[in-house]
Novice: 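Provided herewith is a single structure, encoded as structure tokens, for subsequent inquiry.
Here the structure is a predicted model, which is why all the values come from computation and not from measurement. Position 1 is the first residue of the sequence; numbering continues from there.
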Amino acid sequence: TFLVPAVLAQVLQSGPDAVKLFGALKTYTYGAAPMPPPLLRAAMEAWPDTDFIQVYGLTEVAGVVTHLMPDEHRSAIPEGHPERLVSAGRAIPGVEVRIVDPGTLEDVATGEPGEIWLRTPQRFQGYLNKPEATAEVVTEDGWFRSGDLGRLDAEGYLFVEDRLKDMIISGGENIYSPEVERVLAEHPAVMEVAIIGVPDERWGESVKAVVSFHEGASATEEELIAFCREHLAHYKCPRSIDVLDLLPRNPTGKILKRDLRQPYWDGRSRQVN
């Protein structure tokens, strides 16, 4: 089966009968949204005989362009590469991946962040009746500009950092929301988290966390911010935190950060769509 991480979380919280039922799965594939490391570890422990596959891609390249395969899931920690569990894996056959500086359009060094560019026979021909929009994302030599920020390590593992439009720039520093989300997701009280940028008169933008808690759990704003500061540089940590019962999602399970940002940016010049 394929399930977004948010649905997997609900399965694990639905009790032993649901966990036992899903334990009969031969293969569980996930993607479309970041997988919180605590959730993945819990699922792999709950279903030791299930193969886990992570996939990354976009509609414009027919869905899947990289994958993290079952053996890579199970061997990441024993082989001393736990960071690979938060990667999107490596390119599938026939797919080329580049990481490009969106300003200079030059390739960046290995391990440095930039825009993910993809070239593959799976690429779409273009947006229907929108040649200008197509030209903005497809280069003359066939590369598709994904609009996603990421980096490649020396072994070719792709780490998707953020959407270009979701990156937070605070005091001239680039802050990638998934990095902060992965830290807050480790807090035992936090069930879901989204990091957004909100207006700041001094820094331009500041980091805000929007969280929901596990049933019966809670934490103060001060506690959560202090938890982040134990693991992140000060400028990356949230300056404020909102608590919701549930985070808004689209039908595929992606958190609607646009909806979370909208009240703070309404009437301002920042693009929030």
Novice: Please lay out, stage by stage, how Val7 and Val4 fare under the test side chain to side chain contact (heavy atoms under 4.5 Å, CB included).
Specialist: CA-CA 6 Å; Val7 177; Val4 297; 3.7 Å; yes
Novice: Whether Glu179 and Lys236 form a salt bridge (side-chain N of Lys/Arg under 4.0 Å from carboxylate O of Asp/Glu) is what I want to check.
Specialist: yes
Novice: Under 3.5 Å, is there a donor-acceptor pair between the side chain of Glu173 and the main chain of Ile168?
Specialist: no
Novice: Could you tell me whether a side-chain N or O of His81 sits under 3.5 Å from a main-chain N or O of Glu83, the two making a donor and an acceptor?
Specialist: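 Between the backbone of Glu83 and the side chain of His81 there is no qualifying donor-acceptor contact (under 3.5 Å).
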Novice: Which pair of non-hydrogen atoms, one from Val211 and one from Leu247, has the smallest distance, and what is that distance?
Specialist: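 So the minimum-distance heavy-atom pair works out to C-CD1, 3.9 Å.
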Novice: Between Tyr264 (side chain) and Pro199 (backbone), is there a donor-acceptor pair under 3.5 Å?
Specialist: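 No, because the side chain of Tyr264 does not come within donor-acceptor range (under 3.5 Å) of the backbone of Pro199.
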Novice: Hey, could you give me the CD1/SG distance between Ile195 and Cys237, rounded to the nearest 0.5 Å?
Specialist: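 With rounding to 0.5 Å, CD1 (Ile195) is 9.5 Å from SG (Cys237).
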Novice: Please examine the side chains of Leu260 and Ile255, heavy atoms only from C-beta on, and report whether any two atoms are closer than 4.5 Å.
Specialist: yes
Novice: At what distance, to the nearest 0.5 angstrom, does CG of Leu224 lie from CD1 of Ile241?
Specialist: 4.0 Å
Novice: Rounded to the nearest 0.5 Å, what separates atom CH2 in Trp143 from atom CG in Leu105?
Specialist: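 Separation between the atoms: 13.5 Å.
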Novice: Is the shortest heavy-atom distance from the side chain of Val137 to the side chain of Phe124 under 4.5 Å?
Specialist: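 Side chain of Val137 against side chain of Phe124, heavy atoms only: contact under 4.5 Å found.
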Novice: For Glu155, is the CD atom crowded, meaning more than 12 foreign heavy atoms sit under 6.0 Å from it?
Specialist: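 Count over threshold, so yes.
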Novice: I'd like to know if the side chain of Arg90 pairs up with that of His67 as donor and acceptor (distance under 3.5 Å, no hydrogens or angles considered).
Specialist: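 Short answer, no.
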Novice: Under a 3.5 Å distance rule, please check whether Glu45 uses its side chain to pair with a backbone N or O of Ala42 as donor and acceptor.
Specialist: no
Novice: Less than 4.0 Å between a side-chain N and a carboxylate O, is that true for Asp166 and Arg261?
Specialist: yes
Novice: When you check the gap from the basic side-chain N to the acidic O, do Lys130 and Glu136 get nearer than 4.0 Å?
Specialist: no
Novice: Could you give the distance from CG (Asp148) to CG (Leu58), rounded to the nearest 0.5 Å?
Specialist: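 Spacing of CG (Asp148) from CG (Leu58) equals 5.5 Å.
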Novice: Kindly compute the distance separating CG (Leu39) from CE (Met191), expressed to the nearest 0.5 Å.
Specialist: 11.0 Å
Novice: Mind checking whether Leu184 and Leu85 sit in one hydrophobic cluster, side chains of I, L, V, M, F, W, Y counted as touching below 4.5 Å?
Specialist: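 In one cluster: no.
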Novice: Do you know which two heavy atoms are closest between Trp203 and Ser170, and how far apart they sit?
Specialist: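 Scanning both residues completely, I find the closest heavy atoms to be CB-OG, 3.6 Å.
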Novice: Classify the side-chain pair Lys257/Ser177 by whether it contains a donor and acceptor separated by less than 3.5 Å.
Specialist: yes
Novice: Would you please test His73 and Tyr30 for ring-ring contact (aromatic ring centres under 6.0 Å, His included) and show each step?
Specialist: CA-CA 12 Å; His73 276 82; Tyr30 63 96; 5.7 Å; yes
Novice: Would you confirm whether Arg84, through its side chain, and Ser75, through its main-chain N or O, come within 3.5 Å as a donor-acceptor pair?
Specialist: no
Novice: Hydrophobic cluster membership, with links at side-chain heavy-atom distances under 4.5 Å among I/L/V/M/F/W/Y: are Ile92 and Leu158 in one?
Specialist: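 Same hydrophobic cluster.
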Novice: Out of curiosity, does Met69 fall in the hydrophobic cluster containing Ile77 (side-chain heavy atoms, cut-off under 4.5 Å, transitive links)?
Specialist: yes
Novice: Taking Gln13 for its side chain and Gln10 for its backbone only, find out whether a donor-acceptor pair lies under 3.5 Å.
Specialist: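 Not at all, since once roles are kept as given, no pair shorter than 3.5 Å links the two residues.
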Novice: Do Glu221 and Ser240 have side chains that get closer than 4.5 Å, going by heavy atoms?
Specialist: yes
Novice: Counting N and O atoms only, with roles assigned by atom type, does the side chain of Arg119 sit under 3.5 Å from a partner on the main chain of Asp141, one being a donor and the other an acceptor?
Specialist: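 Confirmed, Arg119 side chain pairs with Asp141 backbone.
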Novice: So which heavy atom on Thr50 is nearest to which on Tyr28, and how close?
Specialist: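 Scanning both residues completely, I find the closest heavy atoms to be CG2-N, 3.8 Å.
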Novice: Check this for me: does any side-chain nitrogen of one of Glu186 and Arg41 sit under 4.0 Å from a carboxylate oxygen of the other?
Specialist: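 Yes.
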Novice: With salt bridge (charged side-chain N to carboxylate O under 4.0 Å, His left out) as the test, would you mind laying out the steps for Arg239 and Glu205 before giving the verdict?
Specialist: CA-CA 10 Å; Arg239 295 176 181 269; Glu205 290 183 271; over 6 Å; no
Novice: Heavy atoms only: give me the nearest Leu12-Ala43 pair and the separation to one decimal.
Specialist: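 Closest approach of Leu12 to Ala43, heavy atoms only: CD1-N, 4.1 Å.
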Novice: What I'd like to find out is whether the side chain of Thr29 reaches to under 4.5 Å of the side chain of Leu3, using heavy atoms alone.
Specialist: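 With C-beta onward as the side chain, the pair stays apart.
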Novice: For Asp245, is the CG atom crowded, meaning more than 12 foreign heavy atoms sit under 6.0 Å from it?
Specialist: no
Novice: Would you check, one step at a time, whether the test side chain to side chain contact (heavy atoms under 4.5 Å, CB included) holds for Leu149 with Met167?
Specialist: CA-CA 9 Å; Leu149 289 166; Met167 184 178 70; 3.6 Å; yes
Novice: Quick one: are Val97 and Leu152 in side-chain contact, heavy atoms under 4.5 Å?
Specialist: yes
Novice: Would you say Ser87's side chain and Tyr157's backbone share a donor-acceptor pair under 3.5 angstrom?
Specialist: no
Novice: Considering all heavy atoms of both residues, which atom of Cys228 and which atom of Pro238 are nearest to each other, and what is their separation?
Specialist: SG-CD, 3.7 Å
Novice: Considering only heavy atoms from C-beta outward, does the side chain of Tyr56 approach that of Val64 to under 4.5 Å?
Specialist: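 They are not in side-chain contact.
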Novice: For the residue pair Glu115 / Trp117, report whether a side-chain donor-acceptor contact shorter than 3.5 Å exists.
Specialist: yes
Novice: Going through the distances and angles, do Ile53 and Thr27 end up as a side chain to side chain contact (heavy atoms under 4.5 Å, CB included)?
Specialist: CA-CA 7 Å; Ile53 302 174; Thr27 306; 3.8 Å; yes
Novice: Would you call Glu112 and Arg151 a salt bridge, taking side-chain N to carboxylate O under 4.0 Å as the test?
Specialist: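 Salt bridge absent between Glu112 and Arg151.
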Novice: Could Lys208 and Asp242 be called an ion pair, given the rule that one side-chain N must be under 4.0 Å from one carboxylate O?
Specialist: yes
Novice: Whether the side chain of Trp47 engages the backbone of Val19 through a donor-acceptor N/O pair (distance < 3.5 Å, no angle test) should be reported.
Specialist: yes
Novice: Rounded to the nearest 0.5 Å, how far apart are OG1 of Thr104 and CD of Glu106?
Specialist: 5.0 Å
Novice: Transitively linked via ILVMFWY side-chain contacts under 4.5 Å: Phe227 with Tyr235?
Specialist: yes
Novice: Side chains of Ile175 and Val207, heavy atoms from C-beta outward: is any pair under 4.5 Å?
Specialist: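 Ile175 vs Val207: side chains touch.
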Novice: Same cluster or not: Leu25 versus Phe2, using hydrophobic residues (I, L, V, M, F, W, Y) connected whenever any side-chain heavy atoms lie under 4.5 Å apart?
Specialist: yes
Novice: What are the two closest heavy atoms between Ile116 and Gly150, and how far apart are they?
Specialist: CG1-N, 3.8 Å
Novice: Not counting sequence neighbours, which residues clear side-chain hydrogen bond (donor to acceptor under 3.5 Å, both in side chains) with Tyr127? List them please.
Specialist: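 Residues passing side-chain hydrogen bond (donor to acceptor under 3.5 Å, both in side chains) with Tyr127: Glu60.
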Novice: Within the structure provided, determine whether Val193 and Val210 are in side-chain contact (heavy-atom separation under 4.5 Å).
Specialist: no
